[in-house]
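Just below is one structure, and these are the notes that go with it.
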Amino acid sequence: MNLNSYTFERQIDTYAYADVVVIGGGPAGTAAAIGAARSGKKVALLEKSAQLGGMGTLGNVSIFMPIGNVTGIYREMIAEMLAEYLPEGHDESIAPQYSPFLLRHYLNEKMKKENVHVYFHSEFVGTIREGNKIKAVIMSTREGLKAFEGERFIDCTGDARVAIDAGVPFTTGREEDGLTQPMTLMFQMTNTGSPVTPFLPEGCYEYKEVSDLPQGRRLYWEQNNNGTLLVNMSRVKANGAKIEEVNYAETEALKQVFSIAYYLQKTGYGNYSLSHIASQTGVRETNQIEALYRLTEQDLVTGARFPDVVAQTNYEIDIHSPDAAKTTDERKIDGYDIPYRCMVPEAIDNLLVAGRSISATHVAMSSMRVQATCYALGQAAGAAAAISMDRETAMRDVPMNELHEQLKKQGVKFFVK
Ligand SMILES: Cc1cc2nc3c(=O)[nH]c(=O)nc-3n(C[C@H](O)[C@H](O)[C@H](O)COP(=O)(O)OP(=O)(O)OC[C@H]3O[C@@H](n4cnc5c(N)ncnc54)[C@H](O)[C@@H]3O)c2cc1C
């Protein structure tokens with residue numbers, strides 16, 4: 001059967017105007033919203049789900065991987081929510097396990113304090129462009145399709161949804177075959193204090209050996225001292241931005257979760273019951289925009305430094321095998337800079353892309369994708385959007401000395417090691 005293609009035309013009312021419109025409320029989006037609001041801008045943060053925090057809450061990631069720079073908004077979050085982990089200096093590493101439920105609540109309150117207007121259940125549908133600029137984004141809301149107008153837009157959807165719709169070129173996954181890192185459904189088990197009856201629902205797998213497990217390893221954290229075991233052990237070969245692959249991943253990953261819980265109950269965690277499963281299977285990697293600069297593996301391993309630095313990290317190269325192998329490529333690095341240009345699409349004057357879908361190769365994104373780095377990139381994007389408005393310049397022409405000055409005012413410190 002031939003599938004048709006349609007032109008879809010509607011008159012859509014503008015629901016709201018903001019100086020800076022941020023699409024996607026994950027680590028990058030929440031920080032971008034704060035970064036712009038603190039620079040005096042009216043900010044709308046549009047999020048398709050019911051919660052802020054992105055993979056950190058929706059995907060139950062629940063641990064901040066160490067990046068060697070606890071700074072800016074990320075540092076504030078640690079100070080306010082996880083004070084016991086706050087290091088003295090900015091250039092230190094911490095890897096706190098947190099409650100995703102607390103982070104969800106914390107971010108709601110934080111946005112109120114920062115005067116960011118959050119719109120939940122608002123999913124990006126398309127851009128309205130005028131020449132080299134985006135004039136509005138069309139969102140699917142609980143009241144139907146609505147336009148949100150703005151002066152500057154920051155795409156923090158993780159998938160570069162806004163940028164791609166606006167015509168920004170992009171790549172997906174490994175350079176040689178387009179395969180992305182696999183998806184994982186995170187879950188928690190809780191120590192009940194007494195033996196539980198292991199339960200394996202119909203259709204699930206009975207893993208006998210560690211080598212039978214989806215990642216061929218046991219990977220969990222028990223840092224919260226409250227009986228919570230955070231489990232990152234499922235693995236599904238799928239691209240989280242493809243309809244059929246997500247359909248497969250959402251059912252396969254859930255089967256794996258029940259199977260892993262059963263395995264753990266039989267192998268040392270006999271007192272633990274399955275207490276929470278993330279509402280969606282986590283997505284590590286989908287699309288990377290092409291921007292003024294592409295971060296590469298070479299930059300990571302040589303410790304590249306850039307005059308337009310907006311984030312610094314020493315998080316390892318961390319690639320869960322994209323081709324269904326039970327391996328993970330983990331390689332320590334000393335630290336590198338991420339330049340502002342990785343967030344700037346060439347052809348659009350008023351758009352930045354922050355978070356895991358910045359311009360980076362498959363290997364480079366495996367290191368920059370973790371939450372603390374995405375908070376840093378988001379904060380810089382928000383501050384840059386405000387400066388570009390004040391200066392009436394395109395995003396690509398934001399003066400770096402002003403951006404660095406603004407970030408310093410917002411508590412960001414950079415180091416060269
Ligand atoms: C299984 C797994 C384990 C991980 N483990 C760790 C870890 O231990 N520590 C760590 O620090 N990092 C970890 N990461 C990586 C980290 O969580 C992500 O890379 C990070 O959250 C990316 O931030 P982001 O803001 O770019 O995107 P996301 O966190 O993906 O947030 C994107 C946001 O945009 C919203 N959105 C998407 N599309 C639309 C749309 N069309 N309209 C409106 N809103 C939209 C989403 O709902 C979401 O809220 C892990 C990731 C996964 C998947």
Side-chain angles (χ1 to χ4, degrees), residues 18-23 27-43 45 67 69-77 90-91 114-116 132-134 150-156 163 168 289 291-295 299 304-313 335-360 368 372-416:
D19 298 324
V20 179
V21 177
V22 180
I23 307 99
T30 48
I34 296 172
R38 284 191 186 168
S39 307
K41 299 300 170 218
K42 181 178 173 188
V43 181
L45 177 56
I67 68 161
N69 195 5
V70 183
T71 197
I73 288 167
Y74 174 61
R75 185 175 183 85
E76 258 175 61
M77 290 172 56
H90 288 232
D91 58 341
E114 301 284 342
N115 282 322
V116 171
N132 292 341
K133 286 191 163 177
I134 295 173
E151 297 298 325
R152 299 293 182 273
F153 294 82
I154 308 179
D155 179 347
C156 298
V168 174
I289 58 156
L292 298 183
Y293 185 81
R294 174 150 284 217
L295 192 72
D299 293 331
R305 301 290 165 192
F306 298 98
D308 58 336
V309 54
V310 283
Q312 292 187 321
T313 169
Y336 62 95
D337 290 353
I338 303 175
Y340 175 68
R341 284 163 293 157
C342 288
M343 303 196 289
V344 189
E346 193 174 353
I348 300 183
D349 293 347
N350 65 342
L351 175 70
L352 289 178
V353 176
R356 65 181 162 85
S357 57
I358 63 164
S359 188
M368 61 63 51
T373 313
C374 292
Y375 279 107
L377 292 169
Q379 183 171 7
I387 293 168
S388 89
M389 260 186 87
D390 293 341
R391 284 267 186 164
E392 297 182 4
T393 64
M395 296 288 206
R396 72 181 79 81
D397 296 324
V398 169
M400 282 306 114
N401 58 342
E402 284 184 34
L403 178 58
H404 287 154
E405 197 50 42
Q406 177 56 233
L407 289 175
K408 196 169 162 193
K409 277 191 203 145
Q410 296 190 15
V412 175
K413 284 191 182 168
F414 296 121
F415 303 90
V416 176

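These numbers were taken from a predicted model, which means no experiment stands behind them.
Considering V20, L352, N350 in turn, N350 is the only one that fulfils the side chain to side chain contact (heavy atoms under 4.5 Å, CB included) rule with F153.
When only modelled atom types and interatomic distance are considered, Q406 and Q410 share a side-chain donor-acceptor pair under 3.5 Å.
Residues Y293 and F306 place their aromatic rings such that the two centres sit under 6.0 Å apart. Checked against the 6.0 Å centroid criterion, the rings of H404 and F414 qualify as a close aromatic pair.
Using a 4.0 Å cut-off between charged side-chain N and carboxylate O, R38 and E76 make a salt bridge. A salt bridge links R396 to D349: at least one charged side-chain nitrogen sits closer than 4.0 Å to a carboxylate oxygen.
Proximity of a side-chain donor or acceptor of T393 to a complementary backbone N or O of M389 within less than 3.5 Å is not detected. Although no hydrogens or angles enter the test, the distance criterion places no donor-acceptor pair under 3.5 Å between the side chain of R152 and the main chain of A386. Using modelled atom types, no side-chain atom of E346 and backbone atom of L292 make a donor-acceptor pair closer than 3.5 Å. Judged by distance alone, the side chain of T71 and the main-chain N or O of K413 form a donor-acceptor pair under 3.5 Å. In this structure a side-chain-to-backbone donor-acceptor pair under 3.5 Å is present from S359 to I289. A donor-acceptor contact shorter than 3.5 Å is absent between the side chain of D337 and the backbone of Q312.
Nearest approach of V43 to A37, heavy atoms of both residues: CG2-N, 3.6 Å.
For the pair P27 and T373, the minimum side-chain heavy-atom distance is 4.5 Å or more. Residues V353 and D155 form a side-chain contact, since some pair of their non-hydrogen atoms from C-beta on lies under 4.5 Å apart. A heavy-atom distance below 4.5 Å is not found between the side chains of R391 and V398.
Between the CD atom of E151 and the CD1 atom of I134 there is a distance of 12.5 Å, given to the nearest 0.5 Å.
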If you apply the rule salt bridge (charged side-chain N to carboxylate O under 4.0 Å, His left out), what do you find for R305 with D299, and how did you get there? CA-CA 8 Å; R305 301 290 165 192; D299 293 331; over 6 Å; no

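With sequence neighbours excluded, no residue forms a salt bridge (charged side-chain N to carboxylate O under 4.0 Å, His left out) with R75.
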